[in-house]
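Right, one structure below, let's go through it.
These numbers come from a predicted model, not from an experiment. One-based numbering, in listed order, for ligands and for the atoms of each.
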Amino acid sequence: MLNKDLKTLANKTIVLTGGTSGIGYEIVRLLESKNKIMVVARASERLEKLKSEFPTVKTFAADLSQPEQYKNLASQILHHSNTIDVLINNAAVQYTPTFLDDHFSYPSIESQINLNFTSICALSYLLLPALLHEEATRRKTAIVNINSGLALAPKSSSAIYCATKGALDVFSQSLAYQLEHSNVQVMQAFLPIVDTSMTQGRGKNKISAKQAAQAIVNGIEKGQLINDIGKVALLRVLLRVAPSIAKKIMKEA
Ligand SMILES: NC(=O)c1ccc[n+]([C@@H]2O[C@H](COP(=O)([O-])OP(=O)(O)OC[C@H]3O[C@@H](n4cnc5c(N)ncnc54)[C@H](OP(=O)(O)O)[C@@H]3O)[C@@H](O)[C@H]2O)c1
């Protein structure tokens, strides 16, 4: 379905989590000159640097692994703008050690679930009033959840990360049902391995963060509810025709 109102991302109000690094940063670079962008990330020199590099970008400091910060963050965003065209839930972390590793960090379980999943449910709920439009003034808006091929088939490391991405897929599908008669579209971009700080020192045949950002933006403009980027398209086919082979490949990914 062609999403007419978002077919060019220009003059839009966009909220993006995790815009200080990797794919999020490249999305900011692509969209900032033509749109009103609000970026959420933790307070840091990186966030300050982003502000000075792109003076038109409005930044909000919040730690999305801390649920007690969600309501305050949402009200700051809504105070700044009571309408939003696109909410891009991009911030996430991946903790790679296994449960058998001596140095496995127990607190990483909760903080990853909070950041990668709970914060997305919470922001989608808390910011929904700014995305919804009355019948008369209705125009399309979108919640775009940045997902991973690991949501479709997990690898053996990063169990919590894979689980949060699987949960994000199910949440996105159910939320899309809830919103199907509204003006809000729920989209997901499923990424293959991308060359960012998240994958530093591991993995091969990575696409660049710039390529990932461009593919995400293209998907939004085309109104793709499911945007399988790069090798994820192949993975989805393989999971249908040869699921055990696909799972074996992903297990070692
Ligand atoms: N890289 C890949 O291979 C790959 C593959 C599939 C899917 N993805 C997905 O793509 C998205 C972007 O990943 P990336 O590779 O670009 O990662 P990245 O370079 O590590 O960037 C992560 C972003 O999330 C923010 N963030 C981290 N912890 C946060 C917290 N507690 N509160 C608020 N913001 C926080 C970071 O900002 P601060 O640190 O400044 O707070 C940063 O801007 C993620 O959803 C990831 O799961 C990535």
**Asked** For atom 40 (O) of ligand 1, what is the nearest protein heavy atom, given as residue, atom name and distance?
**Response** Thr20 OG1, 2.7 Å
**Message:** Just to be sure I read this right, does ligand 1 sit under 4.0 Å from the backbone of Ala209, its side chain, both, or neither, counting only heavy atoms?
**Reply:** neither
**Message:** Does this structure show an ion pair linking Asp85 with Arg139, if we count only N-O contacts that are shorter than 4.0 Å?
**Reply:** yes
**Message:** Could you walk me through whether Ile193 and Asn205 satisfy the side chain to side chain contact (heavy atoms under 4.5 Å, CB included) test, starting with their C-alpha distance in whole Å, then the side-chain angles of each, then the deciding distance to 0.1 Å, before giving a yes or no?
**Reply:** CA-CA 8 Å; Ile193 188 160; Asn205 301 322; 5.8 Å; no
**Message:** Using a plain distance cutoff, I'd like to know if Ser148 has any nitrogen or oxygen under 3.5 Å from a nitrogen or oxygen of ligand 1.
**Reply:** no
**Message:** If the cut-off is 4.0 Å to any non-hydrogen atom of Gly22, which atoms of ligand 1 fall inside it?
**Reply:** 16 (O), 19 (O)
**Message:** Between Thr199 and Arg202 (side chain of the first, backbone of the second, donor and acceptor by atom type, cut-off under 3.5 Å), is there such a pair?
**Reply:** no
**Request:** For residues Ile160 and Ser108, determine if any side-chain heavy atom of one lies less than 4.5 Å from a side-chain heavy atom of the other.
**Result:** no
Can you give me every donor-acceptor pair (side chain of residues 235-252, partner residue at least two apart or in another chain, under 3.5 Å) with its distance?
unit_1 : atom_1 : unit_2 : atom_2 : d
Arg236 : NE     : Asp228 : OD1    : 3.3
Arg236 : NE     : Asp228 : OD2    : 2.6
Arg236 : NH2    : Asp228 : OD1    : 2.9

**Request:** Tell me, with the steps shown, if Leu225 and Val186 meet side chain to side chain contact (heavy atoms under 4.5 Å, CB included).
**Result:** CA-CA 7 Å; Leu225 302 185; Val186 181; over 6 Å; no
**Numbered atoms of ligand 1 (with element) below 4.0 Å of Ile193, judged on heavy atoms** = 3 (O)
**Request:** Would you kindly specify which portion of Lys165 sits under 4.0 Å from ligand 1, judged on non-hydrogen atoms: side chain, backbone, both or neither?
**Result:** side chain
**Prompt:** Which protein non-hydrogen atom lies closest to atom 16 (O) of ligand 1, naming both residue and atom, and how far is it?
**Reply:** Ile23 N, 2.8 Å
**Request:** Could you tell me whether Pro192 approaches ligand 1 through its side chain, its backbone, both or neither, with non-hydrogen atoms closer than 4.0 Å?
**Result:** backbone
**Message:** In the structure I gave you, are the side-chain heavy atoms of Phe171 and Thr164 within less than 4.5 Å of one another anywhere?
**Reply:** no
**Message:** As an exercise, identify every atom of ligand 1 less than 4.0 angstrom from a heavy atom of Asp63.
**Reply:** 30 (C), 31 (N), 32 (N)
**Message:** Set out, in order, the CA-CA distance, both residues' side-chain angles and the distance that settles side chain to side chain contact (heavy atoms under 4.5 Å, CB included) for Ile77 and Ile84, then state yes or no.
**Reply:** CA-CA 9 Å; Ile77 291 172; Ile84 296 169; 4.2 Å; yes
**Prompt:** Counting each atom of ligand 1 from 1 as listed, which ones have a heavy atom of Thr199 under 4.0 Å away?
**Reply:** 1 (N), 2 (C), 3 (O)
**Asked** Do Lys12 and Leu6 have side chains that get closer than 4.5 Å, going by heavy atoms?
**Response** yes
**Request:** Just let me know how Tyr161 lines up against ligand 1, side chain, backbone, both or neither, with a heavy-atom cut-off below 4.0 Å.
**Result:** side chain
**Complete:** for atom 21 (O) of ligand 1, nearest protein heavy atom and its distance come out as Ser21 OG, 3.4 Å
**Request:** Just need the protein heavy atom nearest to atom 25 (C) of ligand 1, so name the residue and atom and give the distance.
**Result:** Gly18 CA, 3.7 Å
**Prompt:** When only distance counts, is Ala91 in polar contact with ligand 1, meaning an N/O pair under 3.5 Å?
**Reply:** no
**Request:** Determine whether Leu9 and Lys34 make a side-chain contact, defined as any pair of heavy atoms from C-beta on separated by less than 4.5 Å.
**Result:** no
**Item:** Proximity of Asn147 to ligand 1 by residue part, where a heavy atom lies under 4.0 Å
**Value:** backbone
**Asked** Which protein heavy atom lies closest to atom 44 (C) of ligand 1, and at what distance to 0.1 Å?
**Response** Asn90 O, 3.0 Å
**Request:** Look at atom 2 (C) of ligand 1 and say which protein heavy atom is nearest, naming residue and atom and giving the distance to 0.1 Å.
**Result:** Val194 N, 3.5 Å
**Ligand-residue contact atoms, ligand 1 with Gly19, heavy atoms, under 4.0 Å** = 43 (O)
**Request:** Determine whether the side chain, the backbone, both or neither of Leu191 has a heavy atom under 4.0 Å from any heavy atom of ligand 1.
**Result:** both
**Request:** Would you mind checking which non-hydrogen protein atom is closest to atom 22 (C) of ligand 1, with the distance to 0.1 Å?
**Result:** Ala92 O, 3.9 Å
**Prompt:** With a 4.5 Å limit on heavy-atom distance, are the side chains of Asn114 and Ser119 in contact?
**Reply:** no
**Straight-line distance of Leu78 CG to Thr83 OG1, nearest 0.5 Å** = 10.0 Å
**Any N/O pair Val40/ligand 1 closer than 3.5 Å** = no
**Fill in**
Per-atom filter on ligand 1: closer than 4.0 angstrom to a heavy atom of Ala62 are 32 (N), 33 (C)
**Request:** Flag Leu115 as yes when one of its N or O atoms lies below 3.5 Å from any N or O atom of ligand 1, and as no otherwise.
**Result:** no
**Fill in**
Note: Arg46, heavy atoms under 4.0 Å from ligand 1, region reported as side chain
**Message:** Within the 4.5 Å heavy-atom criterion, are Leu73 and Gln69 side-chain neighbours or not?
**Reply:** no
**Asked** What part of Ile146, side chain, backbone, both or neither, has a heavy atom within less than 4.0 angstrom of ligand 1?
**Response** both
**Prompt:** Do Asn89 and Leu168 have side-chain heavy atoms sitting under 4.5 Å apart?
**Reply:** no
Run the side-chain donor-acceptor check on residues 16-26: report pairs under 3.5 Å with partners two or more places apart or on a different chain.
unit_1 : atom_1 : unit_2 : atom_2 : d
Thr17  : OG1    : Asn90  : N      : 2.8
Thr17  : OG1    : Ala91  : N      : 2.9
Tyr25  : OH     : Glu53  : OE1    : 2.9
Tyr25  : OH     : Glu53  : OE2    : 2.7
Glu26  : OE1    : Arg29  : NE     : 3.2

**Request:** For atom 1 (N) of ligand 1, grab the closest protein heavy atom and report residue, atom and distance to one decimal in Å.
**Result:** Thr196 OG1, 3.1 Å
